[in-house]
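A quick write-up on the structure given underneath.
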2 protein chains.
Amino acid sequence: MTSREQIVTAALRRLNEEPNASMAALAEAAGVSRATLHRHFAGRQELTVAIGRLAQERWERALDEAGVDEAAASGDPARIEATLRDLLATLADVAHEYGYALTEHGLESDPELVARFERLEARELALYGAAQRAGVLRDDMPVRWVSNAVYGLLIGVRDSLRWGDVARRDVTRLLVETFLTGTGARA
Amino acid sequence: MTSREQIVTAALRRLNEEPNASMAALAEAAGVSRATLHRHFAGRQELTVAIGRLAQERWERALDEAGVDEAAASGDPARIEATLRDLLATLADVAHEYGYALTEHGLESDPELVARFERLEARELALYGAAQRAGVLRDDMPVRWVSNAVYGLLIGVRDSLRWGDVARRDVTRLLVETFLTGTGARA
DNA sequence: ATCATCTGCGACATTGATGTCTCACATGAT
DNA sequence: ATCATGTGAGACATCAATGTCGCAGATGAT
């Protein structure tokens, strides 16, 4: 791991705890002098964008490994549902590890990041849409609502783990079941 | 409405759009000079805390008007469910109007705000717990997860409205149904 | 008319974070 | 031994946001 990568991951860890940590704090977290931090990243913006990219790569890998595109194209309900559950399970981890990137607003100012975000989101929307057509998800909800609901629940996951409200091994089940069948008791 | 209140509501409106807006921007949004803003609020902290208090008052009113405590104490499933639906509908509005307070981290540094937050949260947790015991909500989920899921979905509501993904008149139904029965199609 | 109060305006001081620079030291390759 | 490279330490400059102050004009009550 290059020192640049070490800095990014250390900064992410620190920012997950304190989103407004100063560059000095991030340097300290990386075990590096402030000057060295600036040698690798011209400014805070550059560093946070690097973190954003890292998060997106992780997200993209989650989509790839779950086989989102193929499942969406297949139209096979069983396969779509399995993929969906698989994806959500992985996204729970991503939310936990990259929570900072999940909630930070400043990242929207980087066009490259925004563009990639939209591509990734589109792939997810395609899966949700396919799930609706295949009868896996109810089709009387806007796809974008479904997407935003997932996003919100992922923030719930992040907070639950942050505050220690829920054990890590339970959180996947809670997320998936809440998303698919809600919190209501079966009639 | 006193000018102090006008400033708070204008600042809230502005911060809902741009959470990092400067004091100068907030003064402008309130149609007031920067000096006048500082005459009313010694610093940014004081202003954001005032906003936080406002949001909490709104939240408290939502709990009161829905009759959360009485419903929880009654143990009556029908009443609890009606109260729950009612509460969520109101909270959707609160999330829309007070989104800034919903996501801003800096508010956690004010002890008074934190204390009141915990009291309000406790009332909600009591309702969720009662709902679980009454068979309205499934009882195999930690109450705190339920609470965090609501919180997350409210962020989903906020974003959906912010980006125009969902019409305001639809969002209540989407929230309530997603929360209670999930996004999955009925088997 | 007079007085109290609030406000806009603009100048000024402060502050905390940020970015830059220099120099000395450590490491490792040749 | 020498050289290249990367780093720590600390001084320094900069900058944007923040907070303060004084003065003059507006408003409104008596």
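Values below: every heavy atom of this structure, side chains too, minus hydrogens, waters and symmetry copies. We name chains A, B, ... by the order of the sequence lines, and we start the count at 1 in each one.
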If Ile, Leu, Val, Met, Phe, Trp and Tyr residues are connected whenever their side-chain heavy atoms lie under 4.5 Å apart, and connections chain through other members, are [X] and [Y] in the same group?
| X | Y | value |
| --- | --- | --- |
| A/Leu125 | A/Leu127 | yes |
| A/Phe179 | A/Leu91 | yes |
| B/Leu120 | B/Leu113 | no |
| A/Leu180 | B/Leu174 | yes |

Strand-adjacent residues in residues 14-29 of chain B, judged by heavy atoms under 4.0 Å from DNA chain C = none

Residues from residues 35-55 of chain B lying under 4.0 Å of DNA chain C - heavy atoms = B/Ala35, B/Thr36, B/Arg39, B/His40

Show me, pair by pair, the donor-acceptor contacts under 3.5 angstrom made by side chains of residues 162-172 of chain A, not counting sequence neighbours?
| residue | atom | partner | partner atom | Å |
| --- | --- | --- | --- | --- |
| A/Arg162 | NH1 | A/Asn16 | O | 2.5 |
| A/Asp165 | OD2 | B/Asn148 | ND2 | 3.1 |

Sorted by chain and number, sequence neighbours left out, salt bridge (charged side-chain N to carboxylate O under 4.0 Å, His left out) with A/Arg123 holds for A/Asp64, A/Asp69

Check the interface with nucleotides 11-13 of chain C: list each N/O to N/O pair with the protein under 3.5 Å, or write none.
none

Do B/Trp59 and B/Phe117 have ring centres separated by under 6.0 Å?
-> yes

Apply the salt bridge (Lys or Arg N to Asp or Glu O under 4.0 Å) test between B/Arg53 and each candidate in B/Glu46, B/Glu5, B/Glu60, B/Glu112; give the one that qualifies.
-> B/Glu112

Give a yes or no on whether the backbone of A/Val32 and the side-chain of A/Thr36 come within a donor-acceptor separation of less than 3.5 Å.
-> no

For residues 77-88 of chain B, which side-chain N or O atoms pair as donor and acceptor with protein atoms under 3.5 Å away, sequence neighbours left out?
| residue | atom | partner | partner atom | Å |
| --- | --- | --- | --- | --- |
| B/Glu81 | OE2 | B/Arg85 | NE | 3.1 |
| B/Glu81 | OE2 | B/Arg85 | NH2 | 3.1 |
| B/Thr83 | OG1 | B/Arg79 | O | 2.8 |

